[in-house]
Each structure stands twice: as C-alpha cells, then as structure tokens.
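Numbering of residues begins at 1 and proceeds along the displayed sequence. Counting starts at 1 for both ligands and their atoms, following the listed order.
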Amino acid sequence: MCGKMLGELGAVYLDLNAASFSSYGSEKRGSPVKAYIRYSLPDEEIRINSPVENPHILCLFHEAMIGKQSVMAGVTECTKVIVNTMQSPEEIRKRLKMHAGTVCCIDAGKIALERHTRVNTVMLGAIAGVSEFIPLEAALDIVKDTLGKKSPSTLEENLDGVRCGYTGYEIREFEPDEKYEPEPYKEPENNWGYENAPIGGINTCYGSTVSNDLSASREGYIPIFIKDRCINCGLCDSTCPDMVFKFVPGEYKGRNMMVNEGLDYHYCKGCLRCVEICPSNALVEGIEWEQKELKNFVRNKDLLPDSINYVSVGANSWMTSESPN
Ligand code: SF4
Ligand code: SF4
C-alpha cells in the first residue's frame with residue numbers, strides 16, 4: 001500500500017514519471033514483502049520494471065528484517081537507510097554492518113500506537129521527509145486520496161501519522177568504515193523448485209512453516225496471559241491462527257486435563273483474536289514495547305541477551321531450541 005501510494009504521489013503530485021511494483025512471497029501475514037519505486041524527471045521515461053539495485057532510499061518497515069534477508073545488498077554511500085526501530089542510528093549501523101551511508105531511525109511502532117494510526121503511514125511520512133524533495137502536503141494529499149474513501153473514519157489519525165513521520169526521525173551520516181564490506185546487489189537464487197526438488201519434495205526452508213517468527217507483522221500490541229484467571233476452556237487455542245498457545249497435561253480444580261501454560265510469542269502476529277474470544281479476561285491487550293521481560297517474548301533477537309541460543313531458520317525466522325516444542 002505504501003509503495004503504491006509513493007508511486008502515485010510522484011506521478012500525480014510531483015509531475016514526475018513514476019513506477020512502482022511489489023514482490024510478494026507467501027500471502028500469509030508476516031511474510032516479507034518488497035516494494036520498489038522509481039521516479040524520473042518528466043522528460044526521462046522509465047523503461048525498466050525490475051528490482052532497484054542501488055537504492056537512493058531504502059526503508060525497512062521492521063527491524064526484525066535485519067540479518068535475515070540481504071537487506072543491504074546494493075546499498076552505497078549515497079543511500080539513506082530508514083529503519084523502524086527503538087535503537088539509535090549508531091546501533092543500527094552496527095547491526096546493518098553498513099560500510100557507509102546515512103541511517104535514519106524512527107520508532108514508528110511507538111508513534112503508531114500513540115497516534116492510533118498504522119506503521120505504514122508513519123513510514124510514508126518518514127520516506128517523504130528523508131527524501132528532501134517530497135513536500136509534506138503532497139504526502140498528506142496522497143493519503144487523503146487513498147484512504148479518504150476507503151476508511152474515512154481513520155483518515156485524521158493516518159494524516160497525523162504522516163506528519164509525525166515527516167520530522168520524527170533521527171539521522172546520521174557515516175563515513176566509510178573498512179570493518180564492513182559494501183555488499184553488491186545480487187539476484188536471489190531459488191535453488192529449490194519444481195524442476196530440481198528431490199522426489200517426494202521437501203520444504204528445506206523452515207521459515208515458511210509454523211516456525212516463522214511473526215514479530216515483524218505485529219502492530220505494537222500483544223496479548224498478555226493472566227494465568228490465575230484462566231479456566232482452561234481452550235477457546236484461545238482453537239481461535240489462534242498461529243498455534244501460539246502451549247497446553248500441557250496438568251490439573252485444574254481437581255481434574256486432570258490439558259492446561260494452558262501460556263504463549264510462545266515467537267509465533268504471535270498480534271492479531272488479538274485470542275483476547276476477543278477469551279471468556280474470563282485471562283488474555284488482555286498489552287503494549288509490545290513495554291513487555292520485554294515476558295517469558296518467550298521476542299521482538300527482535302538482537303535486542304535479547306547473547307546467552308539465549310538462537311538458530312537462523314530461513315527468511316525472517318529464528319528459533320530457540322525450545323521453540324519447535
Ligand atoms: S480462552 Fe482464556 S480462559 Fe480459555 S484457555 Fe484461553 S486464556 Fe484460558
Ligand atoms: S494475538 Fe492471539 S490469536 Fe493472534 S496470533 Fe497472537 S496469540 Fe494468536
């Protein structure tokens with residue numbers, strides 16, 4: 001949606017030639033999606049429609065993408081990298097292993113929660129602000145055009161999100177550091193497919209299974225489990241689309257039965273359907289960034305202590321030795 005809006009913004013409000021397209025993986029919520037946007041001056045036609053190899057602006061809508069995909073491939077000293085994160089540009093530069101360039105950090109998740117808007121509109125505002133050639137008014141106009149009819153009741157909050165994003169980032173330019181190598185752009189190779197899969201077919205990428213880490217799809221809310229209130233009815237387990245709840249053999253009110261042990265946040269995408277269905281208020285809505293101490297809570301593995309042994313298991317995914325259980 002944000003990529004589409006940026007493409008239209010260039011053509012409609014900046015009098016530029018513009019092209020935008022997206023590349024989706026699985027349609028499952030939480031899967032990584034890439035969107036590419038090109039602008040050119042009115043007298044320069046855009047005749048290519050392929051991934052942007054050396055972006056002037058690269059925007060990561062969630063810091064959980066860092067280290068999982070080759071997000072830095074093709075980044076040069078001229079690139080401005082915008083990241084939705086609670087961390088500083090210095091910390092993000094280290095995590096990105098960025099040779100040189102500019103880093104802009106914005107805690108879009110927190111802004112979105114406070115302003116009752118979505119991360120997308122905050123990031124759209126940040127992209128416009130960082131670009132230095134997209135006026136705030138144009139960014140607001142394209143959001144009015146796109147969301148004004150679709151969801152007029154949320155328009156004011158979304159416009160507010162754009163305004164906050166436009167100026168709400170911290171920016172640092174970094175000189176080349178020989179510690180980090182520039183990463184050249186390379187087309188991703190898909191080695192497993194219909195032509196060369198082994199007979200019987202196996203999925204070698206755990207990342208597209210239930211072990212996928214869904215923290216990147218959360219909008220800032222997570223369910224909090226209050227065990228004392230739980231009546232072990234199992235409704236949360238049958239409602240949750242992502243098998244987040246762990247039921248184990250136990251005892252409840254003198255009866256031997258499966259009891260709710262809580263959530264493994266690794267799999268939770270924050271849809272809060274479990275909160276809606278729970279009849280005893282044992283699940284309540286919580287703010288994600290306030291809950292770092294929760295057992296099994298994962299916002300981003302790089303924010304967690306080194307003592308926890310994480311294993312990379314494919315695109316956007318990692319797990320602990322306990323996760324598969
Ligand atoms: S729906 Fe609520 S009461 Fe029922 S098992 Fe889940 S947490 Fe417990
Ligand atoms: S919010 Fe609840 S229902 Fe949604 S994925 Fe997380 S645990 Fe499952």
Side-chain angles (χ1 to χ4, degrees), residues 24-33 61-65 68 84 108-110 112-114 116-120 154 206-301 303-304 310 313-320 322-325:
Y24 296 88
S26 136
E27 293 290 321
K28 185 174 169 21
R29 190 177 172 198
S31 301
V33 175
F61 277 47
H62 201 290
E63 61 187 325
M65 300 304 297
K68 291 290 129 192
N84 168 18
K110 190 173 176 189
L113 281 182
E114 287 171 354
H116 307 290
T117 179
R118 306 293 291 247
V119 166
N120 267 6
T154 63
Y206 305 153
S208 63
T209 70
V210 290
S211 72
N212 197 11
D213 162 34
L214 295 179
S215 64
S217 67
R218 298 203 285 255
E219 294 274 345
Y221 298 102
I222 50 170
I224 310 288
F225 180 51
I226 304 167
K227 195 169 172 58
D228 293 348
R229 296 183 187 166
C230 177
I231 56 173
N232 298 299
C233 65
L235 281 173
C236 52
D237 197 35
S238 52
T239 301
C240 175
D242 286 289
M243 293 172 266
V244 173
F245 291 90
K246 291 170 156 186
F247 278 74
V248 294
E251 198 188 299
Y252 178 65
K253 294 198 170 174
R255 280 173 55 207
N256 289 331
M257 59 193 289
M258 298 298 279
V259 294
N260 192 350
E261 202 190 41
L263 302 81
D264 187 338
Y265 288 99
H266 185 87
Y267 308 132
C268 175
K269 63 186 174 194
C271 65
L272 301 183
R273 286 178 208 170
C274 56
V275 172
E276 268 177 52
I277 200 77
C278 178
S280 65
N281 265 345
L283 289 161
V284 295
E285 180 183 301
I287 304 293
E288 183 181 17
W289 47 270
E290 290 175 352
Q291 307 295 337
K292 276 198 208 163
E293 305 309 320
L294 280 180
K295 184 172 179 276
N296 285 329
F297 173 74
V298 176
R299 182 179 193 202
N300 189 307
K301 87 173 172 52
L303 298 176
L304 294 168
Y310 282 95
V313 288
N316 196 26
S317 298
W318 49 80
M319 61 186 186
T320 66
E322 283 185 7
S323 295
N325 300 325

K.L.:
Closest heavy-atom contact between Tyr221 and Glu285?
P.N.:
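In terms of heavy atoms, the two residues are closest at CE2-OE2, 3.3 Å.
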K.L.:
Hey, looking at atom 8 (Fe) of ligand 2, which of Gly270, Cys240, Cys271 has the closest heavy atom?
P.N.:
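Going through Gly270, Cys240, Cys271 one by one, Cys240 has the nearest heavy atom to atom 8 (Fe) of ligand 2.
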K.L.:
In this structure, does ligand 2 have an atom that sits under 4.0 Å from one of the heavy atoms of Leu272?
P.N.:
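Heavy atoms of Leu272 do come under 4.0 Å of ligand 2.
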K.L.:
Strictly distance-based, threshold 3.5 Å: is any side-chain N or O of Lys227 a donor or acceptor partner for the main-chain N or O of Asn260?
P.N.:
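Here the side-chain-to-backbone pair exists.
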K.L.:
Among all protein non-hydrogen atoms, which one is nearest to atom 6 (Fe) of ligand 2, and what is the separation to 0.1 Å?
P.N.:
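Heavy-atom neighbour on the protein nearest atom 6 (Fe) of ligand 2: Cys268 SG, 2.4 Å.
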K.L.:
For ligand 1, is any non-hydrogen atom under 4.0 Å from Cys233's backbone (N, CA, C, O), its side chain (CB onward), both, or neither?
P.N.:
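Under 4.0 Å from ligand 1, Cys233 contributes backbone and side-chain atoms.
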K.L.:
What are the two closest non-hydrogen atoms of Ile231 and Pro279, and how far apart are they?
P.N.:
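Of all heavy-atom pairs spanning Ile231 and Pro279, the closest is CD1-CG, 4.1 Å.
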K.L.:
Rounded at 0.5 Å granularity, tell me how far CG in Leu235 sits from CD in Glu276.
P.N.:
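The distance works out to 12.5 Å.
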K.L.:
Is Phe245 in contact with ligand 2, taking contact as a heavy-atom separation below 4.0 Å?
P.N.:
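Yes.
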K.L.:
Would you name the heavy atoms of Ser280 and Cys230 that are closest together and state the gap between them?
P.N.:
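Heavy atoms only, the tightest pair is OG-CA, 4.2 Å.
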K.L.:
SG/Cys278 to CG/Leu272 distance, rounded to the nearest 0.5 angstrom?
P.N.:
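Taking SG in Cys278 and CG in Leu272, the distance rounds to 12.5 Å.
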K.L.:
Under a 4.0 angstrom heavy-atom cut-off, which atoms of ligand 1 come close to Asn232?
P.N.:
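Contacts of ligand 1 toward Asn232, numbered from 1: 5 (S), 8 (Fe).
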K.L.:
Looking at ligand 1, is there an atom of it that comes within less than 4.0 Å of some heavy atom belonging to Asn260?
P.N.:
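Flag set, Asn260 near ligand 1.
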K.L.:
Identify the protein heavy atom lying closest to atom 5 (S) of ligand 2, giving its residue, its atom name and the separation to 0.1 Å.
P.N.:
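The protein heavy atom lying closest is Lys269 N, 3.5 Å.
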K.L.:
Using a 4.0 Å cut-off to any heavy atom of Cys274, which atoms of ligand 2 qualify?
P.N.:
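Going through ligand 2 atom by atom, the ones under 4.0 Å from Cys274 are 1 (S), 2 (Fe), 3 (S), 7 (S).
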K.L.:
Between atom OG1 of Thr154 and atom NE2 of His116, what is the distance when rounded to the nearest 0.5 Å?
P.N.:
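Rounded to the nearest 0.5 Å, the OG1-NE2 separation comes out at 12.5 Å.
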K.L.:
Give me the nearest non-hydrogen protein atom to atom 3 (S) of ligand 1 as residue plus atom name, then the distance to 0.1 Å.
P.N.:
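Residue, atom and distance for the closest contact: Ser280 OG, 3.3 Å.
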K.L.:
Any idea which atoms of ligand 1 are less than 4.0 Å away from a heavy-atom of Pro279?
P.N.:
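The atoms of ligand 1 under 4.0 Å from a heavy atom of Pro279 are 1 (S).
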K.L.:
Below 4.0 angstrom from a heavy atom of Leu283, which ligand 1 atoms are there? Numbered from 1 as shown, please.
P.N.:
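Taking each heavy atom of Leu283 in turn, ligand 1 has 7 (S) under 4.0 Å.
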K.L.:
Return the CG to CG distance between Asn84 and Asn120, rounded to the nearest 0.5 Å.
P.N.:
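These two atoms lie 10.0 Å from each other.
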K.L.:
Any N/O/S atom, side chain or main chain, of Cys278 closer to atom 4 (Fe) of ligand 1 than 2.8 Å?
P.N.:
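For Cys278, the answer is no, given that no N, O or S atom comes within less than 2.8 Å of atom 4 (Fe) of ligand 1.
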K.L.:
With heavy atoms only and a cut-off of under 4.0 Å, state how Ile231 meets ligand 1: side chain, backbone, both or neither.
P.N.:
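Both of them.
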K.L.:
Distance from Phe245 atom CZ to Cys240 atom SG, nearest 0.5 Å?
P.N.:
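Here the interatomic distance stands at 5.5 Å.
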K.L.:
Quick check on Pro241 - does any of its heavy atoms sit under 4.0 Å from an atom of ligand 2?
P.N.:
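Yes.
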K.L.:
Can you give me the closest heavy-atom contact between Val119 and Phe61, atom names plus distance?
P.N.:
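It is CG1-O, 4.1 Å.
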K.L.:
Check each atom of ligand 1 against the heavy atoms of Phe225 and keep those under 4.0 Å away; list them by number with element.
P.N.:
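Once the distances to Phe225 are compared, the set is 7 (S).
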